[in-house]
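To keep things clear, I will list the structure first and then write my remarks on it.
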Amino acid sequence: MSDYSHADHRNDHGRRPYWGLPDPVTQAEFYADVTLKRLFAWLIDVVLIAAICVLISLLTFGIGFFLWGLIYLAVSFVYRVTTLSNASATLGMRLTAIELRTHRGERFDRTTAALHTLGYFVSMSTFVVQLISIVMMCTTPRGQSLVDMMLGTAAVNRAAGR
């Protein structure tokens, strides 16, 4: 069940594609500054993941530095899936007071977290796809990235829901 019971809005065709998410027009406070907060959250997460990778590399007596790319990918995937499935937000997102929600307004489960992370990895691996995703975050009413649009998810301000 949605945490946003007041978010039942229909589009022009009478359908409710995002029936659990707050309406970006009437409840704009849920989406205020979310794109900028996502950038700061991403920077925080990158620093945390890099720190974990440095620690792992040091614990392997430096061998991990030779496998940095693989270690970074593995740590990043596990970090993102774990934090998104536990609290619907990475540690960076928690610090910036945002969280991801499904189209029903629910927190992420493990499957949604894994799919969102996989989509994030695909978008980050291709410059054009990442550029499209950034433009979408800056121009769509809910500030959704390409992955968010595909999964029907959105980032919202956590404090607005309370």
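Residue numbers run from 1 in the order of the sequence given.
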Reported [atom1]-to-[atom2] distance for the pair [X] and [Y], which is rounded to 0.5 angstrom:
X: Y79; Y: Y72; atom1: OH; atom2: OH; answer: 9.5 Å
X: L84; Y: L115; atom1: CG; atom2: CG; answer: 11.5 Å
X: T126; Y: F121; atom1: OG1; atom2: CZ; answer: 13.0 Å
X: T35; Y: F40; atom1: OG1; atom2: CZ; answer: 12.0 Å
X: T153; Y: H103; atom1: OG1; atom2: NE2; answer: 10.5 Å
X: K37; Y: I44; atom1: NZ; atom2: CD1; answer: 11.5 Å

Tell me whether [X] contacts the main-chain N or O of [Y] through its side chain, where contact means a donor paired with an acceptor under 3.5 Å.
X: Y31; Y: A154; answer: no
X: T140; Y: M137; answer: no
X: R107; Y: A87; answer: yes
X: R158; Y: R94; answer: yes

State yes or no: do [X] and [Y] share one hydrophobic cluster built from I, L, V, M, F, W and Y residues joined by side-chain heavy-atom distances below 4.5 Å, directly or via other members?
X: L48; Y: L58; answer: yes
X: I52; Y: L91; answer: yes
X: I71; Y: L73; answer: yes
X: F30; Y: V34; answer: no
X: V46; Y: I98; answer: no

*Got a sec: does the CE of M150 have more than 12 other heavy atoms crowding it under 6.0 Å?*
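No, not enclosed.
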*With S123 as reference, evaluate I132, V129, L146 under the side chain to side chain contact (heavy atoms under 4.5 Å, CB included) test and give the passing residue.*
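Going through I132, V129, L146 one by one, the side chain to side chain contact (heavy atoms under 4.5 Å, CB included) with S123 is satisfied by V129 alone.
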_Test: salt bridge (charged side-chain N to carboxylate O under 4.0 Å, His left out). Region: residues 38-62. Which pairs qualify, not counting sequence neighbours?_
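Sorted pair list: R38-D148.
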Could you report the tightest heavy-atom contact between [X] and [Y], atom names first, then the distance?
X: V135; Y: T139; result: O-OG1, 2.8 Å
X: V81; Y: R110; result: CG1-NH1, 3.8 Å
X: V122; Y: S125; result: O-OG, 2.7 Å
X: I49; Y: S76; result: CD1-OG, 3.7 Å
X: S85; Y: A113; result: N-CB, 3.7 Å
X: S133; Y: S145; result: OG-CB, 3.1 Å

